[in-house]
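Convention: sequence-line order gives letters A, B, ...; per-chain numbering from 1.
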2 protein chains.
Amino acid sequence: MHLVSRSSIIALVVRDSIRILQGQGYKATKPRKLVLEVLEETEKPLSPYDIKGILRARGKYLNHVTIYRILDLLCSLNLAHKMLSSGGFVKCSLDAIEGCHRFMVCQHCGAIREFADKELCQEENDFAQDFGFHTEYHLSEFSGLCSQCYRK
Amino acid sequence: MHLVSRSSIIALVVRDSIRILQGQGYKATKPRKLVLEVLEETEKPLSPYDIKGILRARGKYLNHVTIYRILDLLCSLNLAHKMLSSGGFVKCSLDAIEGCHRFMVCQHCGAIREFADKELCQEENDFAQDFGFHTEYHLSEFSGLCSQCYRK
DNA sequence: TAGCTAATTGCAATATTATTGCATTTAGTT
DNA sequence: AACTAAATGCAATAATATTGCAATTAGCTA
Ligand SMILES: [Mn+2]
Ligand SMILES: [Mn+2]
Ligand SMILES: [Zn+2]
Ligand SMILES: [Zn+2]
């Protein structure tokens, strides 16, 4: 049986990403490799400044602007994605169902529609339960096109 | 048939919220009423600075700190809630399934676990479809307790 | 109704996060 | 090795968020 070290796995996945970047005509730069490495080896979501801090602790210095731009690029190529959302505050009506917070956000006109569905909530709760996770509440955002914008 | 103006409806809902505030020992202050009014009458999610701007346009001036504090209070009483999330960036593996971006975030230890489920995605897509909404992708976050923290 | 007081707000200072234009550097090519 | 478009770093600025404290106010009491 072959044993593969964690670091070599990371190297492999980073290499895949790099290959995709190059395939699209982007350069395989040092900063891009560094960011990819950190993303690959870290378990949880990282902010640009998280990444900056992790690298700094290793004596590698990247400008935060660079990190923002790299992350934007990775997201645009679906190699990474952002967590929701604008971080804005949202109103909710008083009679809101527990766990109901779903938003459909139109990419074109920006319209936001909120809805609730108990069954969907229950399924999601059950699903999380299978992982041993006890859901207190959940929020979700659907990004796409509203009926009006879709027709155009 | 009775016709009720939109403004009187807003007044009613705001009054409900105010009543709940007072029931918990919080004062019914002018700033709180103003923020509630804006939240009630506006269709889409608003950031603290959105609210500040709307009020300013009406000649009402609230300090942004006040708005933050009011929104925090409303959220703590479940009269409002925030959209996700830290706004941070998230890594995603290359083989990620379209529309798979789900995170379970432990309120206690902060652990974040990402998972994917095609069926759940499909159901959500279908659900949105019923509203005429065409989903491009969706992200969601489950907030609760991981198995370890739940046991304690 | 006026005065009292705890709660709330406003202010000022600071911190954090994000964006832009431009000079400098670098990866990939010749 | 030289060239050049692409990418990065830098500096300035903007936007968002938090904290401690002084001033104000809502609700209570006399
Ligand atoms: Mn809701
Ligand atoms: Mn994902
Ligand atoms: Zn639309
Ligand atoms: Zn936990």
Name the closest nucleotide to the B:Val65 side chain, picking from D:dT8, D:dT18, C:dT9. D:dT18
Taking only residues two or more places apart in sequence, or in another chain, which ones meet B:Tyr150 in a ring-ring contact (aromatic ring centres under 6.0 Å, His included)? A:His134
Sequence neighbours excluded, every pair satisfying salt bridge (Lys or Arg N to Asp or Glu O under 4.0 Å) that has a member inside residues 46-61 of chain A: A:Glu41-A:Arg58
Should the ring pair B:Tyr68 and B:His64 be called parallel, tilted or perpendicular, given that the plane angle runs from 0 to 90° and is split at 30 and 60? perpendicular
Polar atom pairs (N or O), protein with nucleotides 14-16 of chain C, under 3.5 Å:
none

Whole angstrom value for the distance that separates P of C:dT9 from NZ of B:Lys60: 15 Å
Once side chain to side chain donor-acceptor pair (under 3.5 Å) is applied, do any residues pair with A:Gln122, and if so which ones, sequence neighbours excluded? A:Asp126
State which residues pass side chain to side chain donor-acceptor pair (under 3.5 Å) with A:Asp130; sequence neighbours excluded, sorted by chain then number. none
Can you check the B:Leu21 CG to D:dG27 P distance for me, whole Å? 10 Å
Rounded to whole angstrom units, what separation is found between the CG atom of A:Asn63 and the P atom of C:dT25? 14 Å
Of all residues at least two apart in sequence or in a different chain, which pass the side-chain contact (heavy atoms from CB on, under 4.5 Å) check with A:Thr135? A:Asn125, A:Ala128, A:Phe133, A:His138, B:Phe142
For A:Glu123, all residues meeting side-chain contact (heavy atoms from CB on, under 4.5 Å), sequence neighbours excluded: B:Leu120, B:Glu123
Output the rounded distance in Å from CD1 (A:Ile18) to C1' (C:dG28). 14 Å
C:dT19 base to A:His64 side chain: any donor-acceptor pair below 3.5 Å? yes
Measure from CG on B:Leu62 to P on C:dT9 and round the result to the nearest Å. 9 Å
Residue list, side-chain contact (heavy atoms from CB on, under 4.5 Å) with B:Lys27, at least two apart or on another chain: B:Thr29, B:Arg32
Tell me which nucleotide among C:dG10, C:dT20, D:dA17 gets nearest to the side chain of B:Tyr68. D:dA17
Without decimals, in angstroms, what is the distance between A:Lys52 NZ and D:dT8 P? 14 Å
Which of residues 23-33 of chain B have a heavy atom under 4.0 Å from DNA chain C? B:Tyr26, B:Lys27, B:Thr29, B:Pro31, B:Arg32
Please report the distance, rounded to the nearest Å, between CD1 in A:Ile67 and P in C:dT19. 14 Å
Could you state the atom-to-atom distance from CD1 of B:Ile70 to P of C:dT9 in whole Å? 5 Å
A:Gln22 side chain N/O closer than 4.0 Å to the phosphate oxygens (OP1, OP2) of C:dG28? yes
Look at atom CD of B:Gln148 and say whether more than 12 heavy atoms of other residues, nucleotides or ligands are closer to it than 6.0 Å. no
Holding to side chain to side chain donor-acceptor pair (under 3.5 Å), I want the full list of residues that pass it with B:Gln22, two or more places apart in sequence or in another chain. none
Residues that B:Arg69 engages under side-chain contact (heavy atoms from CB on, under 4.5 Å), provided they are two or more places apart: B:Val65
Checking B:Thr66 side chain against B:Leu62 main chain: does a donor-acceptor pair fall under 3.5 Å? no
Under 3.5 Å between N/O atoms: give me all the protein pairs with nucleotides 21-23 of chain D, atom names plus distance.
none

